[in-house]
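What you see is a predicted model, and the numbers here were worked out from it, not measured in a lab. As a basis for the values below, the full set of heavy atoms in this structure was taken, side chains included, without hydrogen atoms, waters or symmetry mates.
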Amino acid sequence: QVQLVESGGGLVQAGGSLRLSCTASGRTFRPYALGWFRQAPGKEREFVAGMTGSGDTTGYADSVKGRFTISRDNAKNTVYLQMNSLQPEDTAVYSCAAASLLGVAGMPIRRPDLYSYWGQGTQVTVSS
């Protein structure tokens, strides 16, 4: 079992930055593919960023590409999401997830149903 806890959310003005952290306990998540998802009110959960279990391949939603960066520190069992140039449309609850897979065809996993473990989520609110 892996327990995931996110932190780092909050209120920020448009154009600002936040860094989300997700720390795992229970087991090291070294072999797991990792992902960040978000869900805004009235909308479905959507993929934001992901990383393969090897850590050598990342992927992003088109809406965040060039602004967000996913990274991991295996020694700290932590995955990060650096978010720059935030916009009001980025407002959502952000959740991290870990999959008992290294990836799909060597790529990060974008389907939420393939992830086995989820954090509780952290609110990110971007004001205009």
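Residues R38 and E46 are in side-chain contact: their nearest non-hydrogen atoms beyond the backbone lie under 4.5 Å apart. Using a 4.5 Å heavy-atom cutoff, the side chains of V124 and L20 are in contact.
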Between S100 and Y117, does a side-chain contact (heavy atoms from CB on, under 4.5 Å) hold up when you go through it step by step?
-> CA-CA 9 Å; S100 301; Y117 307 103; 3.8 Å; yes
Stepwise side-chain contact (heavy atoms from CB on, under 4.5 Å) test for R67 and D90 = CA-CA 11 Å; R67 300 188 297 124; D90 294 316; 2.8 Å; yes
Pair I70-Y80, side-chain contact (heavy atoms from CB on, under 4.5 Å): steps then yes or no | CA-CA 6 Å; I70 185 173; Y80 303 99; over 6 Å; no
Please lay out, stage by stage, how S95 and Q39 fare under the test side-chain contact (heavy atoms from CB on, under 4.5 Å).
-> CA-CA 8 Å; S95 300; Q39 187 166 21; over 6 Å; no
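Going from atom CD of Q82 over to atom OG of S71 covers 8.0 Å, rounded to the nearest 0.5 Å. Rounded to the nearest 0.5 Å, atoms CG (L34) and SG (C22) are 7.5 Å apart.
Closest non-hydrogen pair, A33 versus I109, comes out as CB-CD1, 3.8 Å. For T125 against Q123, the heavy-atom pair with the smallest separation is OG1-NE2, 3.3 Å. Across all their heavy atoms, A24 and L4 have their closest contact at CB-CD2, 3.6 Å. Considering every non-hydrogen atom in both G59 and P108, the closest pair reads N-CG, 3.4 Å. Across all their heavy atoms, Q87 and A14 have their closest contact at OE1-CB, 4.4 Å. Closest of all the heavy-atom pairs between A97 and Y115 is CB-CD2, 3.4 Å.
Residues passing the ring-ring contact (aromatic ring centres under 6.0 Å, His included) test with Y60, sequence neighbours excluded: none.
Linking Ile, Leu, Val, Met, Phe, Trp and Tyr whenever their side-chain heavy atoms come within less than 4.5 Å puts L114 and F37 in one cluster.
Side-chain polar atoms of T78 and T23 form a donor-acceptor pair below 3.5 angstrom.
The aromatic ring centres of F68 and W36 sit 6.0 Å or more apart.
When atom types are taken as modelled, the side chain of T91 and the backbone of V126 share a donor-acceptor pair closer than 3.5 angstrom. N74 places no side-chain N or O within 3.5 Å of a backbone atom of N77 that could act as its donor or acceptor partner.
Partner of M83 under the side-chain contact (heavy atoms from CB on, under 4.5 Å) criterion, out of L18, V64, V12: L18 alone.
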